[in-house]
Amino acid sequence: MSSHLFALVDVNNFYVSCERVFAPKLENVPMVVLSNNDGCTVARSAEVKALGVKMGTPWFQIKDLAKTHGVLAYSSNYTLYGDMSNRVVEVLRQFTPNLEVYSIDESFLQIDAVMKHYTDPTHLGLTVKNRVKDWTGLPVCVGIAPTKTLAKFANHLAKKHPQWQGVCDLSTMTKQDLHQWMTEVSVDEVWGVGQKIAKRLQLMGIKTVFDLLQISPQVMRLQFGVVMERLCYELRGVSCLKLEEVSPPKQQIIASRSFGKLVTSFNELSESVATHIARAAEKLRLQNSVTGAITVFIQTNGFMRGEPQYAQSIVVPLPDPTDDSLELTAAAMSGLSKIFRGGFRYKKAGVVLNLLSDKPVVQQSLFEDMEAKGQSAELMKTIDEINTRFGSNLIKSAAMGTKQAWVMRSDNRSPSYTTNWNQLPIAY
DNA sequence: TCTGGGGTCCTAGGACCC
DNA sequence: TCTGGGGTCCTAGGACCC
């Protein structure tokens, strides 16, 4: 098996750092960046994190604390952040073309092929970090490991332990040291473990990353599903998640906003929906795409207990796929009129453009068809693997549709196992 | 004894991410 | 009083067809 080496490069406190590049006097000043309507904190400086302010905390809840500690608050400027993000990626591309832009402030680099230019992975990491700082003014941390999930973990360690100067390489670490670090980090820090799963893990007595490492991936598969199974393999150093160099085409475009004030009338809602359609349609044309159906949704403020709640959405199919604002607006209005109810105070409205997939329309399902299309080898392998893992002839046949692959159990309870075709674990 | 069974598409909802 | 916006993937189950 070929072994990989991934580096995750992540800008520290991205939005805050962007603001600081253009206003150096903000360096070391406690500050936050706020979301739309100045509702939530979406970025916190290190000083504010140290005060215990969590990501996403509503601004009104920390206003007093902010006053006491002289915390400055900035409204967000996404144009600026997008521009800075591009600059960082340009610098990273100097190191390798094998790069995945994972989010506005994070990129994965596959670095095995370029390691020969460096004394060790840490050397590469430090070089990356320093060059990004020199060329963009932004501070980054680098996590290096044989899988993406472990690289995430390494990045987390790099951020928490300044003595490493922002670079943490797990690939050359001894097993004992790695396990020691894993016992010191809570399992909810793992990439892919959110609130709900963390809670269930807690109940099972799994508290640290190391605890999770002790459970076999097959067992976790039965309890939690295929995503968790992959995660467990990744923690063990078995790479299941590939580098996604070319970002797949979007499946949907969303435009939505909360209202500054609650609104009650159809007219107010229709005005905002029209605005959202205009923004979404612009994005749509920008990527030369068309939509075959749009979703319109409206909702009241779920935080207001005791207030009558209403949330509804509707899918409006379009007779012909289009990117035309007028047609889309007309469709959206007809949808809105169907879901609008008077007597409620609305907080949010939005639209979703459902993009047409360029995947083949249905491939008739049976296995022989796949054989003809030359897709059976991989499928057979997968079936074998599943049968081996579950210790019996669980799988009878398999098929593939537009979005999913599924397999039939030999006991005819079907479909027992469906999964996104491209997302099957690729290594064991 | 067992009320048809297999195949496909679609939607809703849950979970996660930044 | 005041609680973001934009995405992805996976699964279960209903509708429908023959």
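Proteins come first, then strands; the chains are lettered A, B, ... in the order of their sequence lines, and each starts at number 1.
- Paired regions of DNA chain C, where each region holds three or more successive Watson-Crick or G-U pairs whose two hydrogen-bonding distances fall under 3.5 Å, are B:5-18 with C:5-18.
- Heavy-atom distances under 4.0 Å link DNA chain B to A:Y102, A:S103, A:D105, A:E106 of residues 87-108 of chain A, given in residue order.
- Within the nucleic acid shown, A:W59 has no heavy atom closer than 4.0 Å to any nucleic acid atom.
- Put simply, OH on A:Y81 is 18 Å from P on B:dC18, counting in whole angstrom units.
- Taking the six-membered ring where tryptophan is involved, the planes of A:Y310 and A:F344 are essentially parallel, since the angle between them stays under 30° and well short of 60°.
- By the side-chain contact (heavy atoms from CB on, under 4.5 Å) test, A:A255 pairs with A:H276, A:R279, A:A280, A:V351, sequence neighbours left out.
- Side-chain nitrogen and oxygen atoms of A:S256 include none within less than 4.0 Å of the OP1 or OP2 phosphate oxygen of C:dG4.
- When heavy atoms are screened at a 4.0 angstrom cut-off, A:N37 is found touching no nucleic acid atom at all.
- With C:dG7, B:dC17, C:dC2 as the choices, the nucleotide that has an atom nearest any side-chain atom of A:M304 turns out to be C:dC2.
- Atom CZ of A:R257 is separated from atom P of C:dG4 by 12 Å (rounded to the nearest Å).
- Of the residues in residues 329-339 of chain A, not one places a heavy atom less than 4.0 Å from an atom of DNA chain B.
- A:K348 comes within 4.0 angstrom of the backbone, heavy atoms only, and of no base.
- Side-chain atoms of A:E47 and A:S45 form a donor-acceptor pair, as typed in the model, at a separation below 3.5 Å.
- Screening residues 142-162 of chain A for ring pair (Phe, Tyr, Trp, His ring centres under 6.0 Å), with sequence neighbours left out, gives A:H161-A:W164, A:H161-A:W181.
- Looking at heavy-atom distances under 4.0 Å, A:V33 makes no contact with the nucleic acid at all.
- The CG atom of A:N354 sits 12 Å away from the C1' atom of B:dC10 (whole-angstrom rounding).
- Between A:F108 and A:F6, the ring-plane angle classifies as perpendicular under the 30° and 60° cut-offs.
- If you check the side chains of A:S325 and A:R285, you find a donor sitting under 3.5 Å from an acceptor.
- Summarising the geometry, the separation between CG on A:L222 and P on C:dT11 is reported as 12 Å, rounded to the nearest angstrom.
- Distance check on atom C1': C:dC16 versus B:dG4 gives 15 Å, rounded to whole Å.
- In this structure A:E100 satisfies the salt bridge (Lys or Arg N to Asp or Glu O under 4.0 Å) test together with A:K148, sequence neighbours excluded.
- Salt bridge annotation for A:K152-A:D10: absent, with no cationic side-chain nitrogen under 4.0 angstrom from a carboxylate oxygen.
- Using modelled atom types, one side-chain atom of A:T68 and one backbone atom of A:D64 make a donor-acceptor pair closer than 3.5 Å.
- Between A:F60 atom CZ and C:dG4 atom C1' the separation is 13 Å, expressed in whole Å.
- No engagement by A:V315 is indicated, since no non-hydrogen atom pair under 4.0 Å with the nucleic acid exists.
- The separation between A:D10 atom CG and B:dC17 atom P is 14 Å, rounded to whole Å.
- Within residues 140-156 of chain A, no residue places a heavy atom under 4.0 Å from DNA chain C.
- A heavy atom closer than 4.0 Å to some atom of DNA chain C occurs in A:R279, A:K283, these being the qualifying members of residues 270-298 of chain A.
- Under the side-chain contact (heavy atoms from CB on, under 4.5 Å) criterion, A:I215 pairs with A:I206, A:V219, A:M220, not counting sequence neighbours.
- Between the C1' atom of C:dT8 and the CD atom of A:E244 lies a distance of 11 Å, rounded to the nearest Å.
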Step by step, work out the side chain to side chain contact (heavy atoms under 4.5 Å, CB included) result for A:Q110 and A:T96. CA-CA 8 Å; A:Q110 194 164 333; A:T96 172; 5.9 Å; no
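- Side-chain contact annotation: A:S75 with A:D38, donor-acceptor N/O pair under 3.5 Å present.
- A side-chain donor-acceptor contact under 3.5 Å links A:S171 and A:D169.
- Which of B:dC17, C:dG5, C:dC9 sits closest to the side chain of A:S258 comes down to C:dG5.
- A donor and an acceptor atom, one from each side chain of A:D105 and A:S103, are located under 3.5 Å apart.
- Judged purely by distance below 3.5 Å, without hydrogens or angles, the side chains of A:E189 and A:S186 never pair a donor atom with an acceptor atom.
- Sequence order on DNA chain C of the closest nucleotides to A:I254 and A:Q61 puts A:Q61 first from the 5' end.
- Looking at which nucleotide of DNA chain C each of A:G260 and A:F224 is closest to, the 5′-most match is held by A:G260.
- Looking at residues two or more places apart in sequence or on another chain, you find no salt bridge (Lys or Arg N to Asp or Glu O under 4.0 Å) involving A:K348.
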After noting the C-alpha distance and the side-chain angles of A:L109 and A:V9, does the key distance pass the side chain to side chain contact (heavy atoms under 4.5 Å, CB included) rule? CA-CA 8 Å; A:L109 279 61; A:V9 184; 4.1 Å; yes
Please assess A:Y74 against A:Y15 for the test ring pair (Phe, Tyr, Trp, His ring centres under 6.0 Å), listing each intermediate value before the final yes or no. CA-CA 10 Å; A:Y74 280 70; A:Y15 298 164; over 10 Å; no
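- Distance, A:E189 CD to B:dC18 P: 11 Å, rounded to whole Å.
- Residues forming a side-chain contact (heavy atoms from CB on, under 4.5 Å) with A:A332 (at least two apart in sequence, or on another chain): A:V273, A:I277, A:I294, A:V296.
- Residues A:E307 and A:N301 have side chains that never bring a donor and an acceptor to within less than 3.5 angstrom of each other.
- Near DNA chain C, meaning a heavy atom under 4.0 Å from it, residues 194-201 of chain A has no residue at all.
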